[in-house]
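Input: a single structure, listed below in structure tokens.
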Amino acid sequence: MSKPVARQPLRRNSRANRARILATARQELGRNPDVTLEEPARAAGVVRRTLFGHFPGRAALLDALAEEASETPRSAMEAGAERAQAQSAEQGLAQLVLSMWPVGDRYRLLLALANRDLGTERVAEVLAPAREEITAVLERGQRDGVFHTHLPAAVLSAGLEAMTVALLEAVNTGALQDDGGPQVAVVTLIPAGVSEERSHAVVEEVASTVAAQPRTDG
């Protein structure tokens, strides 16, 4: 009597297909948020039946991408926020930027999907922890007199976020070279009210500690 065929390899293959579809869709949607489902399927090397077996429609695929895209920035922000609380406001802001920059592609994708598919309210909810941490650091810096007070902290945070997204787009187009985040941290501190010379010194100090930490963008 023959032994029953083990099902575990099939489950592993199914998980691998799902992961490959998500990774490919993330890349394709990062380039063009309006791509059809067939394009990520072709790029992932799977047939329509396999794609729809995992994701019955565009909404299901985007929902899975949103969850995946939000988890990595959230984890990076939580780790950065814990360290930032023990630092000065200047160092804390640099710490948060350096912690988030390696996972910026996920962050950018969330914002792109918000405008077209997911709805701004849902994405705002997902990104709320990151925005709250940045705003809290800016408020602390304003109280300490190291950040300017021309704008409320929440408004300044929104402006810095928009600038960061623009810088991510510049990296994607090749207009800006990705150095791991130090130059972005410097140009974040400057509009917050820190001098250029001081910004470079703060980022250099914080970057030396971030470099020794494991990346979370795998």
Side-chain angles (χ1 to χ4, degrees), residues 66 68-112 114 123-172 176-218:
E68 180 198 58
S70 64
E71 181 58 36
T72 306
R74 186 162 54 240
S75 298
M77 175 57 68
E78 289 173 354
E82 184 177 352
R83 293 186 292 270
Q85 291 172 2
Q87 299 170 315
S88 70
E90 297 167 310
Q91 293 170 326
L93 182 56
Q95 178 76 64
L96 292 172
V97 173
L98 292 171
S99 297
M100 287 293 293
W101 183 255
V103 296
D105 61 326
R106 273 85 161 169
Y107 192 86
R108 184 179 60 83
L109 175 60
L110 273 174
L111 296 178
V123 174
E125 181 181 349
V126 170
L127 296 178
R131 290 170 171 169
E132 289 171 1
E133 290 294 343
I134 294 289
T135 301
V137 169
L138 290 172
E139 288 176 341
R140 179 154 59 94
Q142 288 178 334
R143 290 195 302 269
D144 294 344
V146 296
F147 296 151
H148 72 71
T149 57
H150 304 310
L151 295 171
V155 176
L156 178 57
S157 177
L160 295 177
E161 177 183 285
M163 181 185 69
T164 301
V165 172
L167 292 173
L168 285 166
E169 291 288 0
V171 170
N172 290 337
L176 178 68
Q177 185 176 356
D178 184 356
D179 66 344
Q183 61 183 327
V184 176
V186 169
V187 299
T188 300
L189 285 169
I190 292 173
V194 183
S195 70
E196 181 176 356
E197 181 179 0
R198 174 63 180 162
S199 295
H200 280 286
V202 169
V203 171
E204 182 177 357
E205 179 181 358
V206 175
S208 65
T209 63
V210 173
Q213 297 159 6
R215 289 172 66 99
T216 57
D217 59 330

Requested in this report: List for me each residue that meets side chain to side chain donor-acceptor pair (under 3.5 Å) alongside D144, sequence neighbours excluded, and say none if there are none.
Outcome: none
Query - P182 versus L98, closest heavy-atom pair with distance - result: N-CD2, 3.6 Å
Query raised in the report: Partners of E196 by side-chain contact (heavy atoms from CB on, under 4.5 Å), sequence neighbours excluded?
Result: I190, H200
Requested in this report: Quick one: closest heavy-atom pair of R140 and Q87, and the distance?
Outcome: NH1-O, 2.8 Å
**Report entry** All salt bridge (charged side-chain N to carboxylate O under 4.0 Å, His left out) counterparts of R198, not counting sequence neighbours
**Finding:** E90
Report task. Could you tell me which residues satisfy side-chain contact (heavy atoms from CB on, under 4.5 Å) with A153, sequence neighbours excluded, listed by chain and number? Result -> T135, L138, E139, Q142
Query raised in the report: Does a side-chain heavy-atom distance below 4.5 Å link T164 with E161?
Result: no
Query - A170: partners by side-chain contact (heavy atoms from CB on, under 4.5 Å), with sequence neighbours left out - result: A175, L176
Query raised in the report: Side chains of T188 and W101: does their closest heavy-atom pair fall under 4.5 Å?
Result: no
Requested in this report: May I ask you to test the L167-V187 pair for a side-chain heavy-atom distance under 4.5 Å?
Outcome: yes
All N/O donor-acceptor pairs, side-chain side in residues 145-152, below 3.5 Å, sequence neighbours left out:
residue, atom, partner, partner atom, Å
H148, ND1, H150, N, 3.1
H148, NE2, P191, O, 2.9

Report task. List in chain and number order the residues that pass side-chain contact (heavy atoms from CB on, under 4.5 Å) with E132, two or more places apart in sequence or in another chain; answer none if no residue qualifies. Result -> A128
Query raised in the report: Within the side chain of E205, is there an N or O that forms a donor-acceptor pair under 3.5 Å with the backbone of Q91?
Result: no
Query - Minimal non-hydrogen separation, V137 against A89, with atom names - result: CG1-O, 3.4 Å
Report task. Write down the atom of V203, the atom of A185, and the distance for their closest heavy-atom approach. Result -> CG2-CB, 3.7 Å
